[in-house]
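Heads up, the thing below is written out as structure tokens.
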Amino acid sequence: MVRRLWSDGVLLAVLIACVWWPLATGGAPGGASKARVDLRSPKYLHYKQEYRRNLLSNGLGVTPPMGWNSWNHFACAVNETIIRETADAMVSTGLSKLGYEYVNIDDCWAEIARDYNGNLVAKNTTFPSGIKALADYVHGKGLKLGIYSDAGYFTCSKTMPGSLRREEQDAKTFASWGIDYLKYDNCNNDGTKPTVRYPIMTRALMKAGRPIFFSLCEWGDLHPALWGAKLGNSWRTTNDISDTWDSIMSRADLNEPYAELARPGGWNDPDMLEIGNGGMMKHEYVVHFSIWAISKAPLLLGCDIRNLDKDTAEIISNKEVIAVNQDSLGIQAKKVRSEGDQEVWAGPLTGYRVAVLLVNRGTYRYTVIAHWDDIGLPLDTVVEARDIWEHKTLKNTFVRNITATVDAHSCKMYILKPVS
Ligand code: GAL
């Protein structure tokens, strides 16, 4: 609200300076008359529109991004062989056909020193062929290449420079290499707010001559959901995830209150997936994937997809769950009810359908009920329910509620489709 008043105040000042003042002082566009100015007139609308213009209009992220990122599994031990083999695996495993397209290099890919002209340089020992060659390779597979930098002097690992005060130069470098996605971190900065430093990179990317998905990684410190949509295609709402049940569930909780601020072109990001990294049980990873999918979170795999085990492949390849994430309505589900450890998450889908997730966070089996008035269906709606982990449409139809017995640390996920 304060922000709104503030921005409206600035808008008014801009309008007064640009429109009223020249008119009142005789320097008006189209004449020296001192006629009263109606700022609501369509004639002046473009000033307003110009002021409110989104800094970022790259047309990307119409649905949440899907792909892979090196950090969760490899951290600083990433190299070009891993990136090439990951791109190969993305295609050979069939993941690319399911929509996974970005292959993203995280921290530690560059030399600590820039070159003679101040350009970033790929680390010679780990990326000897350079990033352009890697981008060509990844593009040759029909995929996209992402990279990582930081709105500070050094990245979080401190093994390479950040882009602070080099935004335009680095954005141009990324574009010239053929980069398609930039994750922009927040470490080792100059102490100014992210709302000062991030827009500089947004503008630089818009000028760089290539559409680059812009992922703000500010960890949720300054509620980026409130300002991120004008600057980026996604914004982290949490600090770093780890491969444990408590970590994924707390990240889900931190991300959920911002549900209404997600929309096509700009998504809340509760961090990358840990499925397949070995720290959790299969049913827990199923909950992880389900919550990320229904929350319209970026689906960025974080395991070694060159060596997928059967369970991991099954979870991340579930077409019906992916379709919930990629539904064109782009509305993030909310946790509509929680009673103790039992939770109901729900969100609308195209075609008057509703995605419902019944989660049992507890350590005993429980019955979980989703009531129509909680999930946004008129009470007398009769629905067909499709269990999208079992891949079965249930025999009965349902009215008023749907109930399931849910095991510990497990979930049931349905798509409800009105039949009356
Ligand atoms: C963190 C970020 C992680 C990863 C790491 C690299 O700040 O949240 O996702 O990018 O830096 O050092």
Side-chain angles (χ1 to χ4, degrees), residues 64-79 82-83 86 102-112 120 122-123 126-127 131 145-164 170 174 179-194 197-198 201 212-225 228 231-244 246-248 250-255 258 267-277 279 288 292 295 297-305:
M66 293 176 64
W68 172 92
N69 172 292
S70 55
W71 185 256
N72 283 357
H73 192 85
F74 296 98
C76 270
V78 62
N79 60 48
I82 293 173
I83 300 297
T86 297
Y102 289 104
V103 176
N104 293 350
I105 312 168
D106 208 281
D107 204 350
C108 310
W109 60 268
E111 293 287 356
I112 187 81
L120 289 166
K123 197 166 174 184
T126 49
F127 289 87
I131 306 298
L145 186 70
I147 211 157
Y148 163 99
S149 187
D150 186 286
Y153 298 113
F154 293 95
T155 63
C156 299
S157 68
K158 293 194 182 155
T159 62
M160 58 172 277
S163 296
L164 188 63
D170 290 354
F174 298 147
I179 291 294
D180 305 293
Y181 183 117
L182 174 66
K183 172 174 171 182
Y184 204 45
D185 219 330
N186 196 24
C187 283
N188 305 305
N189 61 63
D190 60 1
T192 58
K193 288 188 178 188
R197 287 172 285 114
Y198 280 77
M201 185 52 100
I212 297 181
F213 185 104
F214 192 28
S215 151
L216 316 179
C217 179
E218 175 271 11
W219 320 305
D221 286 4
L222 207 66
H223 305 291
L231 307 183
N233 300 108
S234 67
W235 44 87
R236 277 272 294 277
T237 52
T238 74
N239 51 14
D240 289 14
I241 200 165
S242 59
D243 190 11
T244 67
D246 285 348
S247 176
I248 58 153
S250 59
R251 253 116 285 258
D253 290 341
L254 286 166
N255 188 62
Y258 301 114
W267 308 102
N268 289 312
D269 174 8
D271 207 355
M272 302 165 298
L273 298 163
E274 290 282 9
I275 301 153
N277 279 333
H288 182 14
W292 263 239
S295 303
L299 296 182
L300 295 175
L301 304 168
C303 63
D304 183 356
I305 64 166

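Start at 1 and go down the list; that is how both ligands and their atoms are numbered. As the structure is a prediction and not an experimental result, all values here were calculated from the model.
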(message) Quick one: does any side-chain atom of S295 pair with a main-chain N or O of W292 as donor and acceptor, under 3.5 Å?
(response)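 Answer holds: no.
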(message) Hydrogens and angles aside, do N255 and T237 bring a side-chain donor and acceptor to less than 3.5 Å of each other?
(response)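 Distance-only check passes for N255 and T237.
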(request) Tell me yes or no: between the side chains of D246 and T244, is some donor less than 3.5 Å from an acceptor? (result)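 No, no side-chain donor-acceptor pair sits under 3.5 Å.
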(request) Using the test disulfide (SG to SG under 2.5 Å), find all partners of C217 that sit at least two apart in sequence or belong to another chain. (result)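 Not a single residue meets the disulfide (SG to SG under 2.5 Å) criterion with C217.
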(request) Taking salt bridge (charged side-chain N to carboxylate O under 4.0 Å, His left out) as the test, write out the residues that go with D185, two or more places apart. (result)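 Residues passing salt bridge (charged side-chain N to carboxylate O under 4.0 Å, His left out) with D185: none at all.
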(request) Can you sort out the partners of D253 under salt bridge (charged side-chain N to carboxylate O under 4.0 Å, His left out), two or more places apart, ordered by chain and number? (result)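 Per chain and number, D253 pairs via salt bridge (charged side-chain N to carboxylate O under 4.0 Å, His left out) with K335, R361.
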(message) Residues around ligand 1, heavy atom under 4.0 Å from any ligand atom, sorted by chain and number. Can you pull those?
(response)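 Protein residues near ligand 1 are W71, D106, D107, Y148, C156, S157, K183, D185, C217, W219, R236, D240, M272.
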